[in-house]
Q: 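Pasting a structure below so you can have a look.
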Amino acid sequence: MKLLGTQTSPYTRKVRLVLLEKGLAHHYVVDAPNDPGSQVARVNPLGRIPALILDDGTCVFDSAVIAEYLDTLNDTPILIPRQDVLARMRVRRWEALADGIMDSAVVVRTEVIRPAEKQSAEVLRLHNDNITRALAHVADQLGQRVWCEGDSITLADLALVSALLYLDLRQAERDWRTTHPGLALWFARISERPSVCTSLAD
Ligand SMILES: N[C@@H](CCC(=O)N[C@@H](CS)C(=O)NCC(=O)O)C(=O)O
């Protein structure tokens with residue numbers, strides 16, 4: 001299978017981390033939807049990344065759908081609990097939280113690269129506030145835990161680290177480590193995983 005995405009896309013990173021953690025063979029192709037010659041719009045009608053192209057040509061899109069599909073391919077590890085429906089809900093809720101942080105950070109990024117006179121202070125405030133609130137919630141839920149859910153890695157951890165890496169990339173001035181030292185510790189630990197290092201090196 002082939003994954004289309006970019007190094008700066010947090011949704012792509014989440015899916016890459018799922019592929020790497022589960023040891024699933026894949027080709028990672030850097031393809032920015034806005035580049036001339038991009039094949040993204042040809043395979044995903046939404047023109048967005050990540051897009052996963054299966055060996056039979058089927059295209060899977062939206063990172064949550066891709067992650068759920070990939071998790072069914074093997075059990076090593078299981079990233080979305082299968083039997084415990086409440087644990088499953090909590091993992092998907094963590095993912096929604098992380099994706100929501102990404103969504104707001106992408107909106108902020110899109111806004112700040114517009115000419116200054118066209119930027120909306122209201123949009124910036126709304127989405128930056130959403131991120132601030134979501135980070136406080138994440139830090140509170142995480143406490144001193146090693147993993148977001150249960151006693152092993154899940155999709156929740158992969159989604160959260162992807163969101164935080166994107167904040168570091170696009171909002172380096174946001175000092176979330178000082179505000180949330182427990183979250184900083186969690187992030188430092190998970191950042192050492194080979195999957196995270198590989199995803200950053202490509
Ligand atoms: N909900 C989607 C969001 C994907 C998304 O917005 N990707 C961005 C890159 S970070 C994109 O492809 N933007 C191109 C565009 O919308 O034209 C997912 O989780 O896959």
Side-chain angles (χ1 to χ4, degrees), residues 1-22 24 26-54 57-73 79-80 88-115 118-120 123-124 126-128 130-131 134-135 138 148-149 154-172 174 195-196 199-202:
M1 54 194 157
K2 190 162 78 172
L3 177 68
L4 307 185
T6 65
Q7 270 306 87
T8 54
S9 160
Y11 314 97
T12 300
R13 186 171 315 284
K14 179 178 67 170
V15 167
R16 272 232 78 206
L17 291 177
V18 171
L19 285 160
L20 292 164
E21 287 287 344
K22 292 179 78 73
L24 293 166
H26 64 283
H27 295 293
Y28 172 47
V29 178
V30 174
D31 188 333
N34 296 330
D35 280 358
S38 166
Q39 60 171 313
V40 173
R42 285 201 298 276
V43 296
N44 177 357
L46 296 172
R48 293 188 188 147
I49 49 167
L52 183 75
I53 306 171
L54 306 185
T58 302
C59 184
V60 190
F61 50 86
D62 197 288
S63 62
V65 179
I66 299 173
E68 182 167 33
Y69 167 71
L70 292 174
D71 195 44
T72 65
L73 298 185
L79 293 173
I80 306 174
R88 182 180 179 86
M89 175 278 288
R90 285 192 296 268
V91 166
R92 300 308 302 267
R93 189 176 59 180
W94 273 108
E95 182 187 21
L97 201 49
D99 284 6
I101 292 172
M102 298 176 199
D103 293 344
S104 279
V106 168
V107 171
V108 169
R109 167 70 181 169
T110 307
E111 200 62 27
V112 298
I113 58 177
R114 284 155 58 87
K118 291 191 173 160
Q119 291 177 21
S120 163
V123 166
L124 289 170
L126 179 78
H127 287 278
N128 276 319
N130 287 347
I131 296 168
L135 285 177
V138 160
C148 291
E149 168 64 32
T154 65
L155 177 62
D157 303 288
L158 304 180
L160 182 56
V161 73
S162 302
L164 294 173
L165 283 166
Y166 188 68
L167 283 184
D168 281 353
L169 175 72
R170 297 302 195 205
Q171 301 196 2
R174 183 186 278 278
S195 64
V196 177
S199 85
L200 289 168
D202 288 341

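One-based numbering, in listed order, for ligands and for the atoms of each. All values derive from a computational prediction rather than experimental measurement.
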Q: Hey, does the side chain of Asp157 reach the backbone of Cys148 with a donor-acceptor pair shorter than 3.5 angstrom?
A: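 Checked: pair present.
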Q: For atom 17 (O) of ligand 1, what's the nearest protein heavy atom and its distance?
A: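 Of the protein heavy atoms, Gly47 O, 4.1 Å lies nearest.
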Q: Heavy atom to atom 6 (O) of ligand 1, shortest distance: which of Arg13, Met102, Arg48 holds it?
A: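 Residue with the shortest heavy-atom distance to the ligand atom: Arg48.
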Q: Mind checking what makes side chain to side chain donor-acceptor pair (under 3.5 Å) contact with Asp168, not counting sequence neighbours?
A: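 Trp176, Arg177.
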Q: In residues 42-49, what donor-acceptor pairs under 3.5 Å come from side-chain atoms, sequence neighbours left out?
A:
residue: Asn44; atom: OD1; partner: Leu46; partner atom: N; Å: 2.8
residue: Asn44; atom: ND2; partner: Arg48; partner atom: O; Å: 2.9

Q: Would you indicate whether the side-chain heavy atoms of Asp71 and Val18 approach each other to under 4.5 Å?
A: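 Contact flag for Val18/Asp71 side chains = no.
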Q: Decide yes or no on salt bridge (Lys or Arg N to Asp or Glu O under 4.0 Å) for Glu149 and Arg93, but give the supporting numbers first.
A: CA-CA 10 Å; Glu149 168 64 32; Arg93 189 176 59 180; over 6 Å; no
Q: Report the nearest protein non-hydrogen atom to atom 19 (O) of ligand 1: residue, atom name, distance rounded to 0.1 Å.
A: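 Looking at atom 19 (O) of ligand 1, the protein heavy atom closest to it is Ser63 OG, 2.6 Å.
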Q: Return the closest protein heavy atom for atom 8 (C) of ligand 1 as residue, atom name and distance.
A: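 Answer for atom 8 (C) of ligand 1: Ile49 O, 3.8 Å.
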Q: Among protein heavy atoms, which lies nearest atom 1 (N) of ligand 1, and at what distance?
A: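 The protein heavy atom lying closest is Asp62 OD2, 3.1 Å.
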Q: Of all the atoms in ligand 1, which lie at a distance below 4.0 Å from a heavy atom belonging to Pro50?
A: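 Atoms satisfying the 4.0 Å criterion: 20 (O).
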